[in-house]
Amino acid sequence: MNIQQIRNATLVLTYANQVFLIDPFLGEKGSLPPFDHTPNTHRNPLVDLPVDVSTLLDPDAVFVTHLHADHFDDAAKQLLPKAVPLYAQNATDVSVIQEAGFTDVQSFDQGVTLRDVKVYRTNGQHGVGEIGQRMGHVSGLVFTHPDEPTLYIAGDTIWCDDVDSAIDTYAPDVIVVNSGAAQFLTGEPITMSERDLLAVHKAAAEATIVVSHLEAVNHCLLRRDMIADFLAANHLSAHFLIPDDGETLSF
């Protein structure tokens with residue numbers, strides 16, 4: 001299994017000889033406005049793609065965990081082949097993606113099988129209170145195969161019972177978490193903070209945790225160096241990987 005960190009939550013997963021593109025956020029640096037009601041007004045994405053976008057456009061399948069612009073942007077809608085197999089979290093998202101012209105769109109709500117790879121949907125909580133409700137429905141993904149590590153991509157979620165349940169159910173070997181502690185001017189973070197990372201490790205002490213969703217959108221204030229310092233101070237660095245954009249991790 002290879003996981004290439006592209007940018008934000010965008011990953012290229014090579015798994016059992018198939019290539020899956022996760023949450024394609026493909027626009028040029030600064031092509032989107034900043035998220036509103038956040039501590040700065042930097043345009044998104046904050047950084048360029050680390051690879052030529054053309055290398056991302058021929059996967060075996062695309063998975064979109066939810067439809068926020070930093071997970072499936074207009075550039076992805078324009079650049080990806082309209083016939084690419086594309087999987088969305090529910091029927092509502094399927095309809096929206098079909099309206100963009102994609103012709104092979106299905107829901108992964110009940111799980112899917114791609115050759116001998118099984119993919120399951122997990123729940124998440126994209127924040128708490130009114131902000132969490134406004135963020136809407138989000139999902140994670142679990143990939144399994146007899147000859148590969150079990151991979152849990154938690155998606156845009158904080159630590160919550162849904163994440164705990166997914167770890168308990170699937171016992172993943174590798175967990176990708178979306179961090180950055182994305183937040184607005186009021187309320188709690190809507191993606192994982194240092195505290196949430198610690199909770200994931202406590203629930204999955206044997207798993208390798210990959211920290212993604214960093215330094216690419218204006219409301220993510222928790223940086224790679226801050227996370228690395230926190231992990232080192234808590235003697236947890238050996239359990240986590242914090243890939244740079246463009247870096248490939250092999251398992």
Side-chain angles (χ1 to χ4, degrees), residues 2-14 18-38 40-90 92-108 126 135-141 153-156 176 178-180 182 184 190-191 210 212-221 224 243-248:
N2 291 335
I3 301 171
Q4 186 178 21
Q5 169 68 44
I6 301 300
R7 181 181 60 188
N8 201 52
T10 306
L11 307 172
V12 174
L13 170 65
T14 305
Q18 296 184 73
V19 177
F20 304 122
L21 178 63
I22 314 295
D23 284 345
F25 181 34
L26 305 183
E28 294 182 359
K29 178 181 177 180
S31 59
L32 294 176
F35 289 110
D36 291 332
H37 308 296
T38 52
N40 62 68
T41 57
H42 304 314
R43 291 184 63 84
N44 294 312
L46 303 178
V47 293
D48 292 312
L49 284 171
V51 297
D52 191 302
V53 70
S54 65
T55 66
L56 305 175
L57 302 181
D58 189 29
D60 292 298
V62 178
F63 285 86
V64 177
T65 60
H66 65 297
L67 291 180
H68 287 172
D70 60 326
H71 292 253
F72 190 58
D73 63 351
D74 286 342
K77 296 173 186 176
Q78 295 165 5
L79 293 170
L80 285 167
K82 292 301 184 288
V84 67
L86 199 154
Y87 295 88
Q89 65 175 339
N90 54 34
T92 300
D93 286 14
V94 166
S95 295
V96 172
I97 293 170
Q98 287 173 330
E99 290 172 1
F102 292 90
T103 59
D104 186 3
V105 190
Q106 302 175 52
S107 171
F108 61 82
H126 201 0
M135 290 299 99
H137 189 68
V138 294
S139 296
L141 298 159
I153 300 174
D156 268 12
V176 177
N178 289 352
S179 186
F184 299 95
I190 61 172
T191 59
V210 178
S212 184
H213 202 287
L214 299 171
E215 302 177 12
V217 287
N218 75 296
H219 63 333
C220 281
L221 306 180
R224 287 179 172 91
D244 291 325
D245 289 349
E247 184 176 351
T248 298

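If you're wondering where the values come from, they're calculated on a predicted model, not measured in any experiment.
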Consider only side-chain N and O atoms of D156 and H71, and report whether a donor and an acceptor are under 3.5 Å apart.
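On atom types as modelled, these side chains qualify, holding a pair under 3.5 Å.
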Say whether S107 and Q89, considering side chains only, have a donor N or O and an acceptor N or O under 3.5 Å apart.
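No, no side-chain donor-acceptor contact under 3.5 Å.
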Is any NZ, NE, NH1 or NH2 atom of the basic residue among D70 and R7 found under 4.0 Å from an Asp or Glu carboxylate oxygen of the other?
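Looking at R7 together with D70, the answer is no, because their closest N to O distance does not fall below 4.0 Å.
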Between [X] and [Y], is there a donor-acceptor pair closer than 3.5 Å when you use the side chain of the first and the backbone of the second?
{"X": "E215", "Y": "R224", "result": "yes"}
{"X": "H68", "Y": "M135", "result": "yes"}
{"X": "T191", "Y": "S179", "result": "yes"}
{"X": "N44", "Y": "L32", "result": "no"}

For the atom pair [atom1] ([X]) and [atom2] ([Y]), what is the distance rounded to the nearest 0.5 Å?
{"X": "F72", "Y": "L26", "atom1": "CZ", "atom2": "CG", "result": "9.0 Å"}
{"X": "S212", "Y": "D245", "atom1": "OG", "atom2": "CG", "result": "8.0 Å"}
{"X": "H213", "Y": "C220", "atom1": "NE2", "atom2": "SG", "result": "5.0 Å"}

Taking CD in E247 as the centre, count heavy atoms belonging to other residues, nucleotides or ligands within less than 6.0 Å. Is the count above 12?
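More than 12 within 6.0 Å, yes.
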Tell me whether D58 at atom CG has more than 12 heavy atoms from other residues, nucleotides or ligands lying less than 6.0 Å away.
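At most 12 heavy atoms, drawn from other residues, nucleotides or ligands, come within 6.0 Å of this atom.
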Are the side chains of [X] and [Y] in touch, meaning some heavy atoms are under 4.5 Å apart?
{"X": "T248", "Y": "I3", "result": "no"}
{"X": "L86", "Y": "V94", "result": "no"}
{"X": "L11", "Y": "I153", "result": "yes"}
{"X": "V12", "Y": "L56", "result": "yes"}
{"X": "F20", "Y": "V62", "result": "no"}
{"X": "E99", "Y": "I97", "result": "no"}

Which of these, N178, T10, N8, T65, sits in a side-chain hydrogen bond (donor to acceptor under 3.5 Å, both in side chains) with D23?
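Result for side-chain hydrogen bond (donor to acceptor under 3.5 Å, both in side chains) with D23: T65.
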Compute the ring centroids of H137 and H126, then answer whether they are less than 6.0 Å apart.
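No, the ring of H137 stays outside the 6.0 Å limit from the ring of H126, centre to centre.
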How are the rings of H219 and F184 set relative to one another: parallel (under 30°), tilted (30 to 60°) or perpendicular (over 60°)?
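Correct class here is tilted.
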Please walk me through it: do L80 and F102 pass side chain to side chain contact (heavy atoms under 4.5 Å, CB included)?
CA-CA 9 Å; L80 285 167; F102 292 90; 3.9 Å; yes
Residues T38, N218; criterion side chain to side chain donor-acceptor pair (under 3.5 Å); working and verdict:
CA-CA 8 Å; T38 52; N218 75 296; 2.8 Å; yes
